[in-house]
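For reference, the structure is listed below as structure tokens.
Quick note: numbers below take in every heavy atom, side chains included, and nothing from hydrogens, waters or symmetry partners. Protein chains get the first letters and strands the later ones, always in sequence-line order, with residue 1 at the start of each. Source: prediction; values computed, not measured.
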Amino acid sequence: MSKRADTTEFLIESVRNSRKKRLLVLNPDYLDDEKLPEHERAAVLKEIFNRNIREKQIGRVIAHLTPLLDGFHPASVLIFGPTGSGKTVTLIHVLSTFQRVAERSGVGFRYCYVDLTSPKTFFGALNEVAMGLDASVRRYRKGIPVEYMQDTIVGALRGYNGFLCLLIDEADNVRPNPDSLLTFLLKTLPRKVSSRLILILLTNRMDWEARVDPRILSFLKKTDILFEPYDALDLLEILKLRVEKALDTSRVDVGALRKVAAYASRETGDARKAVELLTKAARVAEESSGWLGEVEVDVAEQRLEVDKTEALVQALAVQQLLAFKACYSLLSRTHKKVSTGQAYEVYARMCDAEGLRVLTQRRFSDILSFLDLYGLINARLVSKGRYGSTREISGSLAQEIVERLMRPAR
DNA sequence: CATCCACAGGAAAACGCGGTTG
DNA sequence: CAACCGCGTTTTCCTGTGGATG
């Protein structure tokens, strides 16, 4: 009895030791923005901006806002940029710095961050604004009239004569229509309070303007600022900073970082994705040699890919999953391209076997295009002349992944 | 060159389901 | 409790399509 306990203890110790030897991630919090405490986050941001990243964009924002230091009222701004291009982070940084400068020169300036990153109703959005203005306001579910919320906002601003900058993240994320919020903020609010409002709207939709009521748009005497996605050099700097904070630098190859940066910038230029890949690579390295090199990055990239498709397949509805399986089981049997009709037959048989209702071919074809859209299959539209036209279905996933996916769900 | 296959994909009707009303 | 409504999904019905084939 005690002997067994000893060996187990020994095992634990030895695992612990070998882990320590390969330990690469010293401070995992720095790889995950969400986990950082507020002041740490600010410090990290500061360092990023000290490295001259997003310099151009910062310049544009500052150029737009600076007049207010001399009492001029800047117009509202509309900022475009894809996800992960640092819109939010940059703006928070600039505005908080601005606040300090304004304070020093005796200009009344406040800013307030309104987070609409998850879709909100008009009421929810107002609630968010109110909470930003007055920390004592709670988040309400419902049961409170919209007017009350509006009054709360007006109340919070009563007696404030300085500039108020509302930074609205994902401003188009108000359901059912974003117009209502803008109408309130632009037309109603200025009439009720004496604060001087500046709206800064962040969005990643380039077609945003087309979707907004033109009357409101004209009210926004807006200036546009564009956030280009990060290029590989920017990403490299960002990654370096993360590595310094979170990892054991003596075990990280600069080439590997370059690879991560190159990969991310080739994809979307999304900094969050880049960090995600870095994290994954670090984990891969910890599992193996403890050295983060280019090979580990490749492995991580692959794994990320697999994870993504796996999650995608997990999330499929029963019918979609069945269609997916039908395609691949047919593909593994015949190594030629498969037509919609053939796939449908297999699918129908599978439905029978599982005791599920068989959907019509019309529906099935929709499901196929859906699967194609998500990259789980390739379905190219081909005309075979007299013998009709079909989607030529072929697999887009690697053999091993497919096998893994077909197994567990029986 | 007209024909015709085997499906694509649009439109509209039908269905299903939770919620509401009289 | 039936009737009704709103909304997303599915079926039904339909027209369109590109090129091999006779």
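Here A/D366 pairs with A/R362 in a salt bridge; the nearest charged N to carboxylate O distance falls below 4.0 Å. Between A/E305 and A/K280 there is no salt bridge, since none of the side-chain N atoms of the basic residue sits less than 4.0 Å from a carboxylate O of the acidic one. Checked for salt-bridge contact, A/K259 and A/D253 miss the test: no charged N lies under 4.0 Å from a carboxylate O.
In the helix from B/dC1-C/dG22 to B/dG22-C/dC1, the rotation axis of the first five pairs and that of the last five pairs differ in direction by 40°, rounded to 10 degrees.
Applying the salt bridge (Lys or Arg N to Asp or Glu O under 4.0 Å) test to A/E103 and every residue at least two apart in sequence or in another chain returns nothing.
Heavy atoms of other residues, nucleotides or ligands lying less than 6.0 angstrom from CD of A/Q302 number 12 at most.
Side-chain contact between A/Q150 and A/L189: absent, with no pair of heavy atoms (C-beta onward) separated by less than 4.5 Å. Looking at heavy atoms from C-beta onward, A/K325 lies in side-chain contact with A/L321 at the 4.5 angstrom threshold.
In summary, the aromatic rings of A/Y111 and A/F98 are positioned with their centroids too far apart to meet the 6.0 Å limit.
Counting only residues at least two apart or in different chains, ring pair (Phe, Tyr, Trp, His ring centres under 6.0 Å) contacts with residues 303-333 of chain A comprise A/F324-A/Y328. A ring pair (Phe, Tyr, Trp, His ring centres under 6.0 Å) check over residues 355-391 of chain A, counting only residues at least two apart or in different chains, returns the pairs A/Y344-A/F364, A/Y347-A/F364, A/F370-A/Y374.
Taking the 5' to 3' direction, DNA chain B first and last meets chain A under 4.0 angstrom from a heavy atom at B/dC5 to B/dG10.
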Would you mind building the protein contact string for nucleotides 11-22 of chain C? One character per nucleotide, 5' to 3', B for base within reach (heavy atoms under 4.0 Å), S for sugar-phosphate only, - for untouched.
BB-----BBBSS
